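A short write-up of the structure that comes next.
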Amino acid sequence: MRIVHGGNIYELSAQAGCSPDDILDFSASINPLGPPPGIAEVLSGCFRRLESYPDIHNRLLVDALSKFHDIDPGYIAVSNGSTELIYWLPLALGVSKALVVLPAFGEYVRAFELHGTSLRKLYSTREDGFQLRVEHLAEALQKESFEAVLLTHPSSPSGSLLDGAAVEWVVKYSSSSSSPLFFIDEVFVDFCEHASFKFFLDRTPNVAIIRSFTKFYGLPGLRIGYLLASSRIAARVRDFLPPWSVNTLAQAAGAWCLEQNAYRRRTLELVANERQRLVERLSSIAGFEVYPAHANYLLIRLAPGLQPASSLRLRVFERDRILIRDCGSFEGLDERYFRVAVRLPDQNDRLIAALQNAL
Ligand SMILES: Cc1ncc(COP(=O)(O)O)c(C=O)c1O
C-alpha cells in the first residue's frame, strides 16, 4: 500500500487484524496529551444544539480566535480542517501559476493540480535542514513571475524555521503591491508561536496564513482549521467556503480550547523536554541523522548501509504495533527518511527500543 499520510490507523489495523487502539501512532504528529481535559463536557453541553444548523458566520469561534491572536475578526476565515482551505485557496484567489517549496504536505500539490494551476517546484536541501534558503526563493521569483508561493513554516516534514533575516525578507517582499500571494502553512506553529507570520499581518497584504486545531489541540477528528490574512483575502475566502463547514461541536470546542492556558503551557513544556530527549537518544543510534526541529516531530535520515525506511516501518509495526512515517512519498525526500512524532516519555522509550530492535 502507498502511504501518503500519517495516522492511517484504520486501514493498517484492518490489514493487520488488530484494533486501531492497539497501534501506538508516531506517524501523525498530534499533541500526545490528547485534547484539553474537559472537552467531553463541552461537546456534550452542545448536543441539544445539533438540531439546529451551526452559526453560519462561526461567530463564537471567530471571536475567540480574534481575542486569542489579537487580530481583527475581518482577518479570519474558519474551515473544516486546514485541508479544506488548502483545496479552496487556489480557486478563491484565482491562482493559475504557483511556486511550491518542497518537501511539503502532499495535499498542496494535489489541490493546485486539481485546480489546473501550473506549478514550479523549488526543493529545500538536506544541507539546509530542509528549510528553504531565501536566496533560492529570491532567485526563482526573479527568473519567473508567479501568482502564489507556498511555504510550510515550521517546515513540514523537517520542523525547521526560517531564520530572522529570511523572515524579514519574506515580509518585505510580500508587502510590495506586485508580490505574489504567499500561502504560509503554519499548522505546527503553535509549538513555536513566536515564529508566526501573524505578527506582520498589518504589513503583508499578500500573506495568507493557514492554521489548524488538529496538531496542537489533539483534535484531528473534529476538523477545525482557519486562515489569518488581510481583510481582502479573508473576505474572498469566506465567500468561497461552503456554508456550515465548521459544525456546532467544532465551533464550541475550538473556542473553548483557546482558553486552556494551563494545557497550553503543559504541552509546550512536555514537547520541548521530550523532543530534546528523543533527539539525544535517536542521535545516539548508529546511522541515524536527526534534524533540529521546533515542532512536535523529528525527521531522521538513515545512513545508506541501513535498511530503507519502508522496511523499518514494517518491522516496528509487525513486532511492536508502532507506526512511524516512512517519508518516501514526500517529493524531495526518498526511502532514506522517516519521521516520528514526539509523544509521552514512556511511549518515546518504547519507540527507541522498537527501533533498536528492528535494526
Ligand atoms: C503541514 C500540514 N498542513 C496541513 C495539514 C492538514 O491538517 P488539518 O486538515 O487536519 O488541519 C497537515 C496534516 O497532516 C499537515 O501536516
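For ligands, and for the atoms within them, numbers begin at 1 and follow the listed sequence. This chain uses plain numbering: 1 for the first residue, then up along the sequence. This one's a predicted model, so the numbers in the text were calculated from it and none came from an experiment.
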In this structure, is the centre-to-centre distance between the rings of [Y] and [X] below 6.0 Å?
X    : Y    : answer
F130 : Y291 : yes
F183 : Y108 : no
F26  : F317 : no

Any atom of ligand 1 sitting under 4.0 Å from a heavy atom of E107?
no
So is E84 in contact with ligand 1, going by heavy-atom distances below 4.0 Å?
no
I need the K97 NZ to E147 CD distance, nearest 0.5 Å.
9.0 Å
What's the shortest distance from atom 14 (O) of ligand 1 to any protein heavy atom, and which residue and atom give it?
K215 NZ, 2.7 Å
For atom 3 (N) of ligand 1, what is the nearest protein heavy atom, given as residue, atom name and distance?
D185 OD2, 2.6 Å
Is T152 in polar range of ligand 1, meaning some N or O pair under 3.5 Å apart?
no
Residues forming a side chain to side chain donor-acceptor pair (under 3.5 Å) with R277, sequence neighbours excluded:
E274, D349
Set of residues satisfying side chain to side chain donor-acceptor pair (under 3.5 Å) with respect to S82, sequence neighbours excluded:
none
Mode of S82 contact toward ligand 1 - side chain, backbone, both, neither (heavy atoms, under 4.0 Å)
both
Please compare L222, V187, T214 and report which has the shortest non-hydrogen distance to atom 2 (C) of ligand 1.
V187
Any idea which of F188, F105, F213 brings a heavy atom closest to atom 5 (C) of ligand 1?
F105
